[in-house]
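Here is the structure we will look at.
Model, not experiment: these values are computed from the prediction. Numbering of ligands and ligand atoms starts at 1, following listing order.
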Amino acid sequence: MERTLIIAKPDAVQRGLVGEIIGRLERKGLKLIGMKLAALDKTILRAHYAEHVEKGFYAGLEDFMKSSPVVLMAWEGFECIDSVRTIVGATNPRMAAPGSIRGDLAIGVGRNLIHASDAKESGEREVALFFAEAELFDYDKSEYMHLYEDFERS
Ligand code: DAT
Ligand code: MG
């Protein structure tokens with residue numbers, strides 16, 4: 001199964017939308033395997049956003065991500081990377097589809113509520129960056145037989 005790192009960003013915490021975000025991912029049938037509140041610093045943000053560090057928006061992004069605690073989550077599911085990106089919506093909330101988290105709940109690109117890993121490899125890397133192995137949980141989810149066919153949950 002794929003793993004994705006979700007960050008409920010400072011705007012989600014401040015606007016009281018963390019529960020809404022968790023609820024949408026829970027209702028999809030994804031399995032929550034790790035969760036914690038954290039204050040992110042420059043070092044971890046530079047590692048997480050390495051591909052963006054040289055870009056013009058990076059300084060503002062880093063300041064914003066340090067402005068409040070965030071909720072870090074690791075979720076697991078069959079091919080969940082792409083389905084979570086669909087639930088999250090386009091980076092620019094003004095272009096994000098209605099029904100998506102960003103499409104329904106955000107408007108500014110620099111205040112788009114949520115981070116979600118964009119590929120299987122980045123999901124593995126990002127979950128490992130923010131979570132120690134002991135903070136990740138392996139457990140049976142009883143509803144799996146009603147969510148997946150056998151080959152999808154093997
Ligand atoms: P995503 O978060 O959809 O994966 P990304 O990886 O391209 O998007 O960018 C990371 C974050 O950086 C994004 O969620 C918000 C911010 N960002 C991206 N492009 C931006 C821009 N043009 N202006 C301001 N912030 C931007
Ligand atoms: Mg990204």
Side-chain angles (χ1 to χ4, degrees), residues 1-133 135-138 147-148 152:
M1 293 247 181
E2 290 181 355
R3 289 175 168 188
T4 185
L5 177 83
I6 296 292
I7 307 177
K9 293 180 178 179
D11 47 345
V13 173
Q14 295 293 332
R15 293 178 57 203
L17 293 171
V18 175
E20 170 81 24
I21 289 168
I22 292 172
R24 288 179 183 223
L25 299 174
E26 281 186 311
R27 291 200 296 277
K28 182 70 173 174
L30 299 172
K31 186 197 283 187
L32 183 61
I33 60 169
M35 182 163 75
K36 58 188 175 183
L37 197 63
L40 304 183
D41 64 16
K42 175 181 172 173
T43 304
I44 201 158
L45 284 165
R46 284 177 173 256
H48 174 63
Y49 282 129
E51 63 183 314
H52 299 310
V53 168
E54 303 301 326
K55 295 181 183 165
F57 63 79
Y58 182 75
L61 174 62
E62 188 182 293
D63 284 347
F64 168 62
M65 292 297 289
K66 290 191 298 194
S67 66
S68 159
V70 300
V71 179
L72 299 168
M73 292 173 260
W75 292 82
E76 188 178 272
F78 180 68
E79 297 182 353
C80 73
I81 296 280
D82 286 346
S83 62
V84 168
R85 292 286 295 192
T86 301
I87 292 167
V88 166
T91 302
N92 181 344
R94 298 188 296 284
M95 308 296 283
S100 67
I101 292 169
R102 288 166 171 168
D104 286 350
L105 303 171
I107 193 159
V109 67
R111 302 289 185 270
N112 63 8
L113 291 173
I114 180 167
H115 168 83
S117 305
D118 64 5
K120 186 173 170 61
E121 305 69 44
S122 46
E124 295 294 330
R125 179 175 55 79
E126 292 172 1
V127 168
L129 179 64
F130 288 98
F131 287 91
E133 209 38 59
E135 295 175 315
L136 297 169
F137 294 81
D138 183 15
L147 285 166
Y148 294 121
E152 294 169 324

Checklist entry - Would Arg85 count as a contact of ligand 1 if the rule is a heavy atom under 4.0 Å away? => result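 Checking ligand 1 against Arg85, which is what was asked, there is a heavy-atom contact under 4.0 Å.
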
Checklist entry - Mind checking whether Asp118 has a heavy atom under 4.0 Å from ligand 1? => result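 Per 4.0 Å heavy-atom rule, Asp118 does not contact ligand 1.
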
So if I count the atoms of ligand 1 from 1 in the order they appear, which ones are less than 4.0 Å from some heavy atom of [X]?
| X | answer |
| --- | --- |
| His52 | 5 (P), 6 (O), 7 (O), 9 (O), 10 (C) |
| Arg102 | 1 (P), 2 (O), 3 (O), 14 (O) |
| Asn112 | 13 (C), 14 (O), 15 (C) |
| Thr91 | 1 (P), 3 (O), 8 (O), 13 (C) |
| Lys9 | 13 (C), 14 (O) |

Next on the checklist: On a heavy-atom basis, I'd like to know which of Phe64, Tyr58, Phe57 is closest to atom 24 (C) of ligand 1.
Outcome noted: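 The nearest heavy atom belongs to Phe57.
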
Checklist entry - When you check the side-chain N and O atoms of Tyr58 and Glu62, is any donor under 3.5 Å from an acceptor? => result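 Glu62 and Tyr58 do have a side-chain donor-acceptor pair below 3.5 Å.
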
Next on the checklist: Check the orientation of Phe57 and His52. Use parallel for under 30°, tilted for 30 to 60°, and perpendicular for over 60°.
Outcome noted: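 Aromatic pair Phe57/His52 classed tilted.
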
Checklist entry - Tell me, do Ile87 and Lys28 make a side-chain contact under 4.5 Å, heavy atoms counted? => result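 With C-beta onward as the side chain, the pair touches.
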
Next on the checklist: When you measure from the centre of the six-membered ring of Phe64, is the NZ or CZ of Lys9 closer than 6.0 Å and no more than 45° off the axis?
Outcome noted: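 Judged by the rule (NZ or CZ under 6.0 Å from the ring centre, within 45° of its axis), Lys9 is not positioned above Phe64.
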
Item to check | Arg102 side chain vs Asn92 backbone, donor-acceptor pair below 3.5 Å | outcome: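 Checking the backbone N and O of Asn92 against the side chain of Arg102, no donor-acceptor pair under 3.5 Å is found.
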
Checklist entry - Does any N or O in the side chain of Asp104 come within less than 3.5 Å of the main-chain N or O of Pro98, such that one atom is a donor and the other an acceptor? => result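 No, because the side chain of Asp104 does not come within donor-acceptor range (under 3.5 Å) of the backbone of Pro98.
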
Next on the checklist: What protein heavy atom lies closest to atom 23 (N) of ligand 1? Include the residue and the distance to one decimal.
Outcome noted: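 Answer, as residue, atom name and distance: Val109 CG1, 3.6 Å.
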
Checklist entry - Hey, mind stepping through Met73 and Phe130 against side-chain contact (heavy atoms from CB on, under 4.5 Å) and telling me if it holds? => result CA-CA 9 Å; Met73 292 173 260; Phe130 288 98; over 6 Å; no

